J.: 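The structure that follows is given in the form of structure tokens.
So that the names make sense, note that chain A is the first sequence line, chain B the second, and so on, each numbered from 1. Nothing here was measured: the structure is a model prediction, and the numbers come from that model.
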Number of protein chains: 2
Amino acid sequence: MRHMNAESDTRSRILAVARDMFHGRSYADVGIQEICEAARVQKGSFYHFFPSKRDLALAVIDDMADDWAHGFVAEAFDPSLPPVERLDYMVDAAYYWQKASADLEGRMPGCLFGNLALEMSTRDDVMRARLNAVFDKARDQFRATLDEAVARGALAAMDTEATASAMLAYLEGVILLAKTRNDPEVILRLGPAIKTLRIEMAH
Amino acid sequence: MRHMNAESDTRSRILAVARDMFHGRSYADVGIQEICEAARVQKGSFYHFFPSKRDLALAVIDDMADDWAHGFVAEAFDPSLPPVERLDYMVDAAYYWQKASADLEGRMPGCLFGNLALEMSTRDDVMRARLNAVFDKARDQFRATLDEAVARGALAAMDTEATASAMLAYLEGVILLAKTRNDPEVILRLGPAIKTLRIEMAH
DNA sequence: CCCGCACTAGACCGACCGGTCTACTTGTGA
DNA sequence: TCACAAGTAGACCGGTCGGTCTAGTGCGGG
């Protein structure tokens with residue numbers, strides 16, 4: 001019964017707990033001891049699976065990016081939807097996610113990636129690169145959507161890559177503001193304006 | 001010669017050093033001991049001026065907000081400029097500021113307020129409120145600019161308050177993305193699209 | 001049956017954390 | 001001249017940090 005799960009249960013328990021804690025607080029603010037207690041695991045086990053706290057964070061990023069890509073991002077960017085509508089779905093998804101946390105814990109955790117990006121970018125280039133990759137993937141989703149909308153004539157020609165980046169930035173910014181206000185409704189109020197962003201092709 | 005400066009030199013040295021360190025790294029990552037060393041001050045002096053690390057952070061926020069308001073924000077929102085141009089000035093100001101840091105230290109520190117907002121919002125409501133006030137002031141600058149542009153007929157009628165919030169969010173988001181890429185040029189590339197943001201009046 | 005290995009348990013480490021405390025220095029007003 | 005208070009110096013505090021290490025434990029393959 002020991003090796004029953006691919007990727008042992010202990011490891012995934014640590015990962016899940018760490019994800020929630022890093023998301024709800026910050027990297028520096030959460031200690032390994034605290035993670036171990038919450039995951040009902042001893043230090044020895046922890047360091048058996050993760051060589052360091054930093055490696056845990058890296059694993060959390062990968063784990064969350066995976067869930068994210070297969071979870072609501074995949075849903076929001078549902079190809080059967082008209083492209084422009086997908087943008088609204090993305091905003092809605094962000095809203096409901098944050099609202100659920102706010103209702104449950106009284107706090108808006110914001111975006112794990114955005115949080116970690118601001119906290120760690122100046123301190124750890126490997127983590128920064130990892131976060132960049134996540135943002136690149138998100139931007140590509142936006143870009144594909146915009147490309148399709150342009151191809152269908154739903155939107156005028158534009159620099160879809162730059163506009164996609166702008167939309168991602170806007171979404172992160174809206175979540176940042178909403179978190180600071182601790183009010184998910186901000187996402188609902190400001191989010192839809194994501195569709196008004198536009199960057200023209202260079203010359 | 002002791003009380004020559006309003007707000008003693010020691011206090012302002014601590015403040016300046018702490019500001020840079022919090023800005024370039026993070027609140028949790030910077031220790032009081034480290035601040036004291038950089039400011040060439042002893043613990044005793046530190047705690048003479050600041051009751052706690054948290055109060056120092058609060059003071060740093062106020063201090064920076066002040067500099068900010070009287071510094072490039074005041075310049076960028078120069079009332080003698082056509083309103084719409086002020087938005088470009090604001091983006092440019094953000095760019096040059098970040099670029100200067102990047103050239104000097106090799107790292108984009110991003111926006112101190114945005115950084116602290118994401119790090120502390122879920123942990124300290126007083127700090128969150130302080131940061132909110134800073135964001136409110138910034139939004140009001142955007143709003144006044146938009147109001148003026150609408151009054152002059154340079155822009156069509158819109159919900160200027162919501163649009164101002166959206167612009168602030170976008171600016172923060174762009175800076176977040178640029179910091180994650182560690183590339184100030186991102187601000188130059190995405191920033192100008194701030195003018196395309198628009199939220200209509202509700203019904 | 002028992003060896004080896006993945007895993008767990010938890011004591012332990014030095015460093016550093018934010019914060020306190022006492023002693024001292026020094027300029028100022030009476 | 002002297003008392004006082006603002007400010008400085010730095011030893012010290014308990015607690016926690018990330019991380020190490022040794023001693024098991026119990027399952028699987030040979």
J.: Round to a whole Å and report the spacing from CG of B:L56 to C1' of C:dG19.
T.: 14 Å
J.: Take nucleotides 15-20 of chain D nucleotide by nucleotide from the 5' end and write B, S or -, depending on whether a protein heavy atom sits under 4.0 Å from the base, only from the sugar-phosphate, or from neither.
T.: --SBBB
J.: Over how many whole Å does the gap from B:R13 atom CZ to D:dG7 atom P extend?
T.: 13 Å
J.: Kindly assign one of parallel, tilted or perpendicular to the pair A:F22 and A:Y27, based on the angle between their ring planes and the thresholds 30° and 60°.
T.: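 Rings of A:F22 and A:Y27: tilted, 30 to 60°.
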J.: Could you note down all residue pairs passing salt bridge (Lys or Arg N to Asp or Glu O under 4.0 Å) where residues 33-51 of chain B supplies at least one of them, sequence neighbours left out?
T.: B:R25-B:E34
J.: Can you identify which nucleotide, out of C:dG10, C:dA6, D:dT8, has its nearest atom closest to the B:F49 side chain?
T.: D:dT8
J.: Is the distance between the ring centroids of B:F142 and B:F77 less than 6.0 Å?
T.: yes
J.: OP1 or OP2 of D:dA6 versus the side-chain N and O atoms of B:S8: is any pair under 4.0 Å?
T.: no
J.: Measure the distance from CD on B:E37 to P on D:dG10 and round it to the nearest whole Å.
T.: 12 Å
J.: Just so I know, are the side chains of B:D183 and B:Q98 near enough to count as touching, which here means a heavy-atom distance under 4.5 Å?
T.: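 Side chain of B:D183 against side chain of B:Q98, heavy atoms only: no contact under 4.5 Å found.
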J.: From CD1 of B:I35 over to P of C:dG19, roughly how many Å is that when rounded to an integer?
T.: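 Value for this atom pair: 11 Å.
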J.: Counting just side-chain N and O atoms, does A:H48 come under 4.0 Å of either OP1 or OP2 of C:dT8?
T.: no
J.: Check whether any side-chain N or O of A:Q42 sits under 4.0 Å from OP1 or OP2 of C:dT8, and answer yes or no.
T.: no
J.: Is the closest basic N to carboxylate O distance between B:K99 and B:D92 below 4.0 Å?
T.: no
J.: For A:F50 and C:dT8, give me the distance from atom CZ to atom P, rounded to whole Å.
T.: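 So the CZ-P distance, A:F50 to C:dT8, works out to 12 Å.
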J.: Between the side chains of A:R198 and A:T163, is a donor N or O closer than 3.5 angstrom to an acceptor N or O?
T.: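 The criterion, which ignores hydrogens and geometry beyond distance, is not satisfied for A:T163 and A:R198.
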